[in-house]
Amino acid sequence: MSQEPLPVEILDDARARQRAGDGELTPAQVKKIARQLREGIAQLPPEQYKEKLRERLREIASEQDVELPHPDTRSAFWSYKLEEHPDIGVGEDLYSMHVAAAYAEAEESVRYLEGTPGGKALGELHLWDPAVRTALKLDKDSGRELAGDAWSALSQKYATRTENEALFFMAELNPGTVAYQTEAPQLREDGKLDIIRFMYPPPSTKLEGFPPETQELLSRDAVRAQLHTFAYDEKANELTKAGYLNLDVLRSLPTPEAQRAAVLELCAGVARLDGREADVEKLTEEVLALRAEQEAAAPGIEEQEQQPPKEQAQKVPQAQEARQTQAGREAQEVREVREVQEVREVREVQEVREVREPQPTPAGHTTPAPPTVSTPASATVSTPVPAPTAAATPAPASPAFNFMPGVTVTPKQVVPAGHGVLRPTEPEQAPPAAAKAHDTDMGM
């Protein structure tokens, strides 16, 4: 959503107010302020004194008048400075407090906090002035803390009294400001989120890299009034953590719908802290619907199995072909081993036969052949008999003894063809391709 440019006259008035400043306090004025705030508590121990001073300042703020001067009055809120305006020079610091004051001065129907009776009364205490802080016996951090606490109490009352348009003079909410921690939450809790209007456009650098749909979403007032883009430390409160929008993470999401779901989910978290349960329900329903649509559009597991990715589809046939080739080589090796084994077995049988033939002896005697050991036809030989270490040779002829006395030669058991332990293995089938892991209406 684009903002209308601010009139040049208002910008010039803001520059003049900024140059004039508040003026320097006299020592008498500083002493008067310190005496008023320290009365009755000056002698307390430091910590007790500081706590009593805090209570006194909050009581003063709660008593101030920030009522609407008439029903149609619009309220201005401000934070930090004006940026990215065509009439603002490069490096120029034009603070939003002065822009809001100039705008309220030009528009009779607009007020700003420091211009209300209560804002003027609290402003006269000059709580931000270093001289006042020193007179109150506070160090820099304690002085700023108490000043911020007092103005936060008055700002909360100011937001509560806002009924019409809430004009935010800022480009974005910063979690370190009263606008983010007090004023915007009070308006949201009171059901006034829809009356917030940002007077400056969002920083263009933070919208870079997003599709038009996401840029439009991030520019909406309702989104800008809940989220911030500033990193925080571990000491941050729950609201700061819940409202943090990490732009780098958002840019990494693949679609405008996914980005929208992420933004709305953060808004739902802020709404939950605000106690806006109806908004939480609406936002959550839209987030769930957006994510359901994304899941429906994404390919399912079955579809991925039937239509594997191009790279995977190319690898599967190649793997199958490689396995089949390997299986063929192994089968060929088995056949070659079997042929060698069969040749060896034939040779061993021949050697046994030669040993069993009768050997000639002197005087016409013959050596009786040793008994034949036969293998039943039905017997299955599971392992081949080891080959003899050396071939048997006939002994020299002698009338005194037979060939190898006391030794009976047993024929070699022959492994029938096709009954060896080495059998051609069935080609291994390629496994199937692996299944790929599957992997509101609020003006937003």
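When the shell of 6.0 Å around CD of Gln294 is examined, it contains more than 12 heavy atoms from other residues, nucleotides or ligands. For Lys120, the NZ atom is loosely surrounded, since the number of other residues' heavy atoms within 6.0 Å does not exceed 12. Under a cut-off of 6.0 angstrom, the local environment of CD in Glu105 is sparse, with at most 12 non-hydrogen atoms contributed by other residues, nucleotides or ligands. Residue-environment remark: CD (Gln43) stays at or below the threshold of 12 foreign heavy atoms within 6.0 Å.
Here the side chain of Asp65 pairs no donor or acceptor atom with the backbone of Thr116 at under 3.5 angstrom. Not one N or O on the side chain of Thr240 forms a donor-acceptor pair closer than 3.5 Å with the backbone of Ala236. At distances below 3.5 Å, not a single donor-acceptor pair connects side-chain atoms of Arg260 with backbone N or O atoms of Leu290. Side-chain atoms of Tyr103 never come within 3.5 Å of backbone atoms of Leu11 as a donor-acceptor pair (strictly under, hydrogens ignored). Checking side-chain atoms of Arg17 against main-chain N and O of Asp12 turns up no donor-acceptor pair under 3.5 Å. A donor-acceptor pair is defined here as one N or O able to donate and one able to accept, closer than 3.5 Å; no such pair exists between the side chain of Glu265 and the backbone of Ala262. In terms of modelled atom types and a separation under 3.5 Å, the side chain of Gln215 and the main chain of Leu207 share a donor-acceptor contact. Between the side chain of Gln64 and the backbone N or O of Ala61 there is no donor-acceptor pair closer than 3.5 Å.
Between Tyr112 and Ala104, the shortest heavy-atom contact is CD2-CB, 3.9 Å. The minimum heavy-atom distance between Glu238 and Leu273, with the atom names listed, is O-CD1, 3.6 Å. Leu193 and Ala222 make their closest contact through CD1-O, 4.0 Å (heavy atoms, listed as atom of the first residue, atom of the second, distance). Looking at every heavy atom in both residues, Arg161 comes nearest to Val66 through CB-O, 3.8 Å. Minimum interatomic distance between Arg224 and Leu218 (heavy atoms only, all atoms of both residues): CG-O, 3.3 Å. Taking each heavy atom of Val99 and Leu94 in turn, the nearest pair found is CG2-CG, 4.0 Å.
The pair Asp129-Arg133 fails the salt-bridge criterion, with no side-chain N (NZ, NE, NH1 or NH2) lying under 4.0 Å from an Asp/Glu carboxylate O. Ionic pairing of Lys192 and Glu163 is present here: one or more N-O contacts between side-chain nitrogen and carboxylate oxygen are shorter than 4.0 angstrom. Ionic pairing of Glu208 and Arg251 is not present here: no N-O contact between side-chain nitrogen and carboxylate oxygen is shorter than 4.0 angstrom. Ion pairing of Arg54 with Glu145 is present here, as a side-chain N (NZ or NE/NH1/NH2) and a carboxylate O approach within less than 4.0 Å. By the 4.0 Å N-to-carboxylate-O rule, Lys282 lies too far from Asp279 to be salt-bridged with it.
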From CA spacing to verdict: side-chain contact (heavy atoms from CB on, under 4.5 Å), Asn237, Tyr232: CA-CA 9 Å; Asn237 59 26; Tyr232 55 85; over 6 Å; no
Would Glu277 and Arg272 count as a salt bridge (charged side-chain N to carboxylate O under 4.0 Å, His left out) here? Give the steps. CA-CA 6 Å; Glu277 294 303 325; Arg272 187 174 290 105; 5.5 Å; no
Run Thr177 and Trp78 through side-chain contact (heavy atoms from CB on, under 4.5 Å) and show every step you take. CA-CA 10 Å; Thr177 63; Trp78 60 269; over 6 Å; no
Report the C-alpha separation of Leu113 and Lys157 in whole Å, then their side-chain angles, then the decisive distance to 0.1 Å, and conclude whether the side-chain contact (heavy atoms from CB on, under 4.5 Å) test is met. CA-CA 10 Å; Leu113 178 58; Lys157 185 176 181 180; over 6 Å; no
Test ring-ring contact (aromatic ring centres under 6.0 Å, His included) applied to Tyr244 and Phe230, step by step: CA-CA 7 Å; Tyr244 175 55; Phe230 296 86; 9.0 Å; no
I would like to know whether Glu172 and Lys206 meet salt bridge (charged side-chain N to carboxylate O under 4.0 Å, His left out); could you show each step before the answer? CA-CA 11 Å; Glu172 56 184 330; Lys206 295 192 175 183; 3.0 Å; yes
Intermediate values then yes/no, side-chain contact (heavy atoms from CB on, under 4.5 Å), Lys137 and Lys50: CA-CA 9 Å; Lys137 309 299 182 184; Lys50 188 168 65 175; over 6 Å; no
Please report the C-alpha distance between Arg197 and Asp221 in whole Å, then the side-chain angles of each, then the deciding distance to 0.1 Å, and finally whether the salt bridge (charged side-chain N to carboxylate O under 4.0 Å, His left out) criterion is met. CA-CA 6 Å; Arg197 175 190 168 197; Asp221 291 329; over 6 Å; no
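Under the 4.5 Å side-chain criterion, counting only non-hydrogen atoms from C-beta, Ser75 is in contact with Leu68. Residues Phe210 and Pro256 form no side-chain contact, since every pair of their non-hydrogen atoms from C-beta on lies 4.5 Å or further apart. A 4.5 Å side-chain heavy-atom check between Val178 and Glu183 finds at least one atom pair inside the cut-off. With contacts defined as side-chain heavy-atom distances shorter than 4.5 Å, the pair Leu57/Leu37 qualifies. At least one side-chain heavy atom of Leu167 sits less than 4.5 Å from a side-chain heavy atom of Glu165. Using a 4.5 Å heavy-atom cutoff, the side chains of Ser109 and Thr73 are not in contact. Between Glu281 and Arg276 there is no side-chain heavy-atom pair separated by less than 4.5 Å. Contact of the Thr162 side chain with the Arg111 side chain is registered, since non-hydrogen atoms from C-beta on lie closer than 4.5 Å.
Rounding to the nearest 0.5 angstrom, the gap separating the OH atom in Tyr80 from the CE atom in Met97 is 14.0 Å. Separating the CE atom in Met170 from the OH atom in Tyr200 is a distance of 8.5 Å, to the nearest 0.5 Å. One finds the NE2 atom of His98 at 9.0 Å from the OH atom of Tyr95 (value rounded to the nearest 0.5 Å). With rounding to the nearest 0.5 Å, the separation of OG1 in Thr284 from CG in Leu264 is 9.5 Å. Taking CG of Leu266 as the start and NE2 of His228 as the end, the distance is 9.5 Å to the nearest 0.5 Å. For the atom pair OH of Tyr49 and CG of Leu44, the computed distance is 9.5 Å after rounding to the nearest 0.5 Å.
Taking the centre of each ring, Tyr158 and Phe77 come in below the 6.0 Å mark.
Using modelled atom types, one finds a donor on one side chain and an acceptor on the other under 3.5 Å when comparing Asp139 with Ser142. In this model, no donor atom of one side chain and acceptor atom of the other lie less than 3.5 Å apart for Ser96 and Ser79. Side chain to side chain, Gln156 and Thr182 fail the donor-acceptor criterion of an N or O pair below 3.5 Å. With 3.5 Å as the limit, one finds no donor-acceptor pair spanning the side chains of Gln226 and Asp274. Between the side chains of Ser152 and Gln181, not a single donor N or O lies within less than 3.5 Å of an accepting N or O.
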